[in-house]
Protein chains: 2
Amino acid sequence: MLDRSCIEAIDPLLEILDGKWTLPLLLELFVGTKRFGELRRRLNPISPKTLTDRLRVLEEKGIITRTLYPGVPLHVEYELTERGRNLQPIFAAMWAWVQENGLSPERGTEIVEEINFGLI
Amino acid sequence: MLDRSCIEAIDPLLEILDGKWTLPLLLELFVGTKRFGELRRRLNPISPKTLTDRLRVLEEKGIITRTLYPGVPLHVEYELTERGRNLQPIFAAMWAWVQENGLSPERGTEIVEEINFGLI
DNA sequence: CGGCATCCCTTAGGATACTG
DNA sequence: CAGTATCCTAAGGGATGCCG
């Protein structure tokens with residue numbers, strides 16, 4: 001049971017995490033700093049428009065930074081900010097839930113390999 | 001930094017949490033068991049169609065139960081399952097993030113009142 | 001390479017009326 | 001009361017082409 005007040009408290013975060021690709025995108029950046037093209041390949045088949053949209057929103061919300069390295073060809077890197085990295089416990093909690101509660105109600109608990117989810 | 005394997009691991013949960021109203025709905029049920037009409041009022045202005053859709057999906061995923069008490073007028077109650085209640089740490093982590101990281105990058109840390117988020 | 005600009009389409013979700 | 005049935009809108013997202 002939760003206190004009612006937390007409902008509206010969480011709301012601004014839901015706004016940040018909204019969108020089909022936002023969480024997969026953040027997960028990619030948790031693995032490490034990435035360039036536009038690499039994100040696009042990893043998140044295949046995301047469209048460049050959608051990827052740009054999401055990146056801009058996350059940048060605006062202070063979750064990631066965009067660093068431009070001038071030159072030809074262009075080189076742009078996206079990286080999590082402190083605020084962004086602080087989201088880690090949320091993903092850790094999600095991961096833990098999946099491990100402990102399985103993929104579906106019918107299946108039993110899955111035996112999982114040792115997976116390094118924590119901070120490296 | 002996270003291990004890459006957790007990305008696909010979390011995927012099934014993202015499927016469950018998907019949708020504009022899913023998290024607010026779950027939060028309502030964390031507060032306590034509720035009837036259809038009460039959920040509808042609390043989540044105003046959700047449409048009955050959407051509420052039904054979301055409830056059906058969550059039921060199918062084993063997150064909530066639907067209990068029908070026969071009679072006129074009808075009486076139906078929705079309640080979190082064990083699997084559903086286990087999502088609590090995720091919301092707790094979200095709540096903690098908002099408290100510690102503020103609503104926006106510009107604003108300083110907000111001073112918050114004592115709020116009971118944990119298990120009651 | 002890293003995007004915009006454009007156009008298009010699917011679908012989640014809204015509005016409303018009606019029923020067991 | 002707790003939905004279902006319809007119809008409809010909006011907006012997220014996809015596909016493609018072009019540009020600095």
Margin query: How many whole angstroms separate atom CD1 of B:Ile46 from atom P of D:dG3?
Written below: 13 Å
Check: When the distance from CG of B:Asn44 to P of C:dG13 is rounded to whole Å, what number comes out?
Finding: 16 Å
Margin query: In terms of relative ring orientation, are A:Phe30 and A:Phe91 parallel, tilted or perpendicular, with 30° and 60° separating the classes?
Written below: perpendicular
Check: Given side chains that start at C-beta, do those of A:Ile10 and B:Leu23 come closer than 4.5 Å, heavy atoms only?
Finding: no
Next item on the list: Using the six-membered ring wherever Trp is involved, compare the ring planes of B:Tyr78 and B:Phe36 and label them parallel, tilted or perpendicular (cut-offs 30° and 60°).
Entry: tilted
Please tabulate, for side-chain N and O atoms in residues 50-58 of chain A, each donor-acceptor pair with protein atoms closer than 3.5 Å (sequence neighbours left out).
from, atom 1, to, atom 2, distance (Å)
A:Thr50, OG1, A:Ser47, OG, 2.9
A:Thr52, OG1, A:Pro48, O, 2.8
A:Asp53, OD2, A:Lys49, NZ, 3.3
A:Arg54, NH1, A:Asp18, O, 3.0

Check: So, is B:Ser47 close to the C:dG14 phosphate, meaning a side-chain N or O under 4.0 Å from OP1 or OP2?
Finding: yes
Item checked: Side-chain donor/acceptor of A:Arg83 to backbone N/O of A:Lys61, under 3.5 Å -> yes
Checklist line | Distance test, side-chain N/O of B:Trp21 to OP1/OP2 of C:dA12, below 4.0 Å | finding: no
Next item on the list: To the nearest Å, give me how far apart CG (A:Leu25) and C1' (D:dG13) are.
Entry: 14 Å
Check: How long is the line joining NZ of B:Lys20 and C1' of D:dT9, in whole Å?
Finding: 12 Å
Notebook entry, point to check: Would B:Arg85 and B:Glu82 pass as an ion pair if we require N to O under 4.0 Å?
Noted result: yes
Restricting to nitrogen or oxygen on both sides, can you table the protein-nucleotides 2-9 of chain C pairs closer than 3.5 Å?
from, atom 1, to, atom 2, distance (Å)
C:dG2, OP1, A:Arg35, NE, 2.9
C:dG2, OP1, A:Arg35, NH2, 3.1
C:dG2, OP2, A:Gly37, N, 3.1
C:dG3, OP1, A:Arg56, NH2, 3.3
C:dG3, OP1, A:Arg66, NE, 3.2
C:dG3, OP1, A:Arg66, NH2, 2.6
C:dG3, OP2, A:Tyr78, OH, 2.6
C:dC4, OP1, A:Arg56, NH2, 2.9

Notebook entry, point to check: To the nearest angstrom, how far is A:Leu51 atom CG from D:dG14 atom P?
Noted result: 10 Å
